[in-house]
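Predicted model only: the values in this text are computed from it and were never measured.
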Amino acid sequence: MEIANVSSPKVFVLLGFSARPSLETVLFVVVLSFYVVSISGNGIIILLSCMDVHLHTPMYFFLANLSFLDISFTTSIVPQLLAHLWGPQKTISYGGCVAQFYISHWLGATECVLLATMSYDRYAAICRPLHYTVIMHPQLCLGLALASWLGGLTTSMVGSTLTMLLPLCGNNRIDHFFCEMPLIMQLACVDTSLNEVEMHLASFVFVVLPLGLILFSYGHIAWAVWKIKSAEGRRKAFNTCSSHVAVVSLFYGSIIFMYLQPVRSTSHEQGKFIALFYTVVTPALNPLIYTLRNTGVKNALRHTVLENCCGSAGTQALI
């Protein structure tokens with residue numbers, strides 16, 4: 001009996017929004033809409049970044065990485081969420097929970113570092129324009145991207161493994177819509193102080209430090225833009241920066257709120273909607289704010305569409 005009590009459950013029950021059944025149908029439509037927008041928008045960015053030679057620059061290289069990450073991140077969570085919102089079944093297998101746990105943790109940490117890397121790219125472009133191509137050479141861009149992915153993978157392997165090793169004593173009800181570290185820790189029947197210390201340390205390294213780099217980069221950008229004599233040039237630069245900073249602030253703000261608080265003090269209902277925002281809404285907004293408003297991407301999209309249309313029309317005419 002003692003062995004059975006500490007064994008891992010075969011399934012977990014994700015309570016999600018089951019306490020508000022009237023809200024589940026509305027959430028299903030909203031989540032599905034944002035998911036379609038996220039997959040479509042980020043997919044278009046990846047295709048354009050690969051197909052159009054004008055977008056073979058460091059900025060769009062990092063944006064393509066971000067788009068691929070957002071597609072992977074939402075796909076690791078949203079399909080399961082939609083199934084639970086649509087039907088009465090609210091369970092997830094132990095293996096599915098573990099996979100979701102590791103992948104979402106990995107990609108979430110990677111995105112934090114990748115956003116900081118993108119801010120450094122913008123710093124080099126605006127503050128060091130004459131040396132930009134020398135600073136952001138292909139090898140450095142590839143190294144920064146790999147560091148982002150490997151860094152996120154490392155913290156996920158460490159933190160997630162330590163959490164999954166905790167004895168749960170038969171507890172399998174998670175008051176959330178996906179498997180996440182703080183909620184798994186709450187199911188443990190032993191002291192989790194060591195896990196909390198590791199989580200806070202990882203949050204500092206992968207959330208606070210990248211955010212500090214972003215603020216540092218944009219502080220220098222703001223100073224450089226302020227010295228531009230042209231009012232129109234300053235306005236355009238500040239508009240570009242304000243959009244990026246707004247999205248970064250929303251993403252990092254929600255992450256900090258979720259992870260830099262004591263595990264047992266976070267409001268479950270408030271935490272669910274914050275998590276819903278950064279797992280569903282933010283990935284859909286990223287392609288709109290970062291690139292689809294960008295003239296280069298618009299031109300590339302227009303060129304690709306016209307080229308394909310004209311190519312198809314020419315082929316039909318020959319036939």
Side-chain angles (χ1 to χ4, degrees), residues 12 14-18 20 23-24 26-43 45 65-86 90 92 96-115 148-149 152-153 155-156 159-160 163 174-184 199 202-203 206-207 210-211 246-261 266-290:
F12 287 97
L14 296 175
L15 300 179
F17 303 95
S18 57
R20 302 181 181 182
L23 187 62
E24 288 188 320
V26 177
L27 283 177
F28 178 86
V29 176
V30 172
V31 171
L32 179 60
S33 300
F34 274 104
Y35 184 55
V36 171
V37 172
S38 176
I39 296 296
S40 303
N42 287 298
I45 292 171
N65 274 265
L66 180 64
S67 295
F68 178 74
L69 187 150
D70 282 338
I71 290 176
S72 303
F73 183 64
T74 55
T75 302
S76 71
I77 296 172
V78 171
Q80 182 74 49
L81 171 60
L82 290 173
H84 288 176
L85 290 174
W86 182 256
K90 309 296 182 185
I92 182 173
C97 184
V98 171
Q100 187 180 74
F101 188 83
Y102 274 86
I103 293 172
S104 62
H105 191 185
W106 170 25
L107 298 179
T110 299
E111 183 157 0
C112 292
V113 182
L114 191 59
L115 289 174
S148 301
W149 288 95
L153 179 61
T155 187
S156 176
S160 299
T163 302
I174 302 175
D175 192 10
H176 209 2
F177 60 86
F178 72 103
C179 297
E180 197 175 30
M181 181 184 292
L183 281 304
I184 298 293
M199 184 181 68
S203 298
F206 287 92
V207 178
L211 179 59
V247 173
V248 169
S249 299
L250 291 173
F251 178 83
Y252 275 96
S254 60
I255 296 295
I256 290 173
F257 183 86
M258 288 291 294
Y259 288 102
L260 295 188
Q261 295 192 33
T266 306
S267 169
H268 288 311
E269 292 302 314
Q270 191 176 32
K272 289 177 190 177
F273 285 100
I274 293 175
L276 193 66
F277 182 84
Y278 75 75
T279 57
V280 177
V281 178
T282 301
L285 294 179
N286 283 345
L288 300 175
I289 295 178
Y290 285 126

query: Can you check whether Asn65 reaches Thr110 side chain to side chain, under 4.5 Å on heavy atoms?
result: no
- line: The side chain to side chain donor-acceptor pair (under 3.5 Å) partners of Gln80 (sequence neighbours excluded) come to His84
message: Quick check: do Phe177 and Leu14 have side-chain heavy atoms less than 4.5 Å from each other?
response: no
statement: Correct closest heavy-atom pair for Ile92 and Cys97 would be CD1-N, 3.7 Å
task: State whether the side chain of Gln100 and the backbone N or O of Ser76 hold a donor-acceptor pair below 3.5 Å, judged by distance alone.
output: yes
query: Where do Gly152 and Ala109 come nearest, in terms of heavy atoms and distance?
result: CA-CB, 3.8 Å
Aromatic ring pairing His105/Phe101, orientation class (parallel under 30°, perpendicular over 60°, tilted between): perpendicular
task: For the residue pair Phe68 and Trp149, categorise the inter-ring angle as parallel (less than 30°), tilted (30 to 60°) or perpendicular (more than 60°).
output: tilted
statement: ring pair (Phe, Tyr, Trp, His ring centres under 6.0 Å) filter on Phe206, not counting sequence neighbours, yields none
statement: For Val30, the side-chain contact (heavy atoms from CB on, under 4.5 Å) test, sequence neighbours excluded, returns Val26, Phe34
message: I want to check something: taking the side chain as every heavy atom from C-beta on, are Phe17 and Phe28 in contact at a cut-off of under 4.5 Å?
response: no
task: Not counting sequence neighbours, which residues clear side chain to side chain donor-acceptor pair (under 3.5 Å) with Thr279? List them please.
output: none
- prompt: Below 4.5 Å, heavy atoms only, C-beta onward: do Ile71 and Ile39 meet side chain to side chain?
  reply: yes
field: Atom pair NZ/CD of Lys90 and Glu24 - distance to nearest 0.5 Å
entry: 3.5 Å
message: How long is the straight-line distance from CG of Leu85 back to OG of Ser18, given to the nearest 0.5 Å?
response: 10.0 Å
field: Side chain proximity check, Ile174 to Glu180, heavy atoms < 4.5 angstrom
entry: no
task: Please list, chain by chain and in numerical order, all residues satisfying side chain to side chain donor-acceptor pair (under 3.5 Å) with Thr75, sequence neighbours excluded.
output: Tyr35
field: Atom pair OG1/CG of Thr74 and Leu69 - distance to nearest 0.5 Å
entry: 9.5 Å
- request: Give the intermediate values and the outcome of side-chain contact (heavy atoms from CB on, under 4.5 Å) for residues Ile45 and Asn286.
  value: CA-CA 10 Å; Ile45 292 171; Asn286 283 345; over 6 Å; no
field: Asn42: side chain to side chain donor-acceptor pair (under 3.5 Å) partners, not counting sequence neighbours
entry: Ser38, Ser67
query: Looking at CZ of Phe178 and CZ of Phe12, how far apart are the two atoms once the value is rounded to the nearest 0.5 Å?
result: 14.0 Å
field: Any side-chain heavy-atom pair of Pro210 and Leu115 under 4.5 Å
entry: no
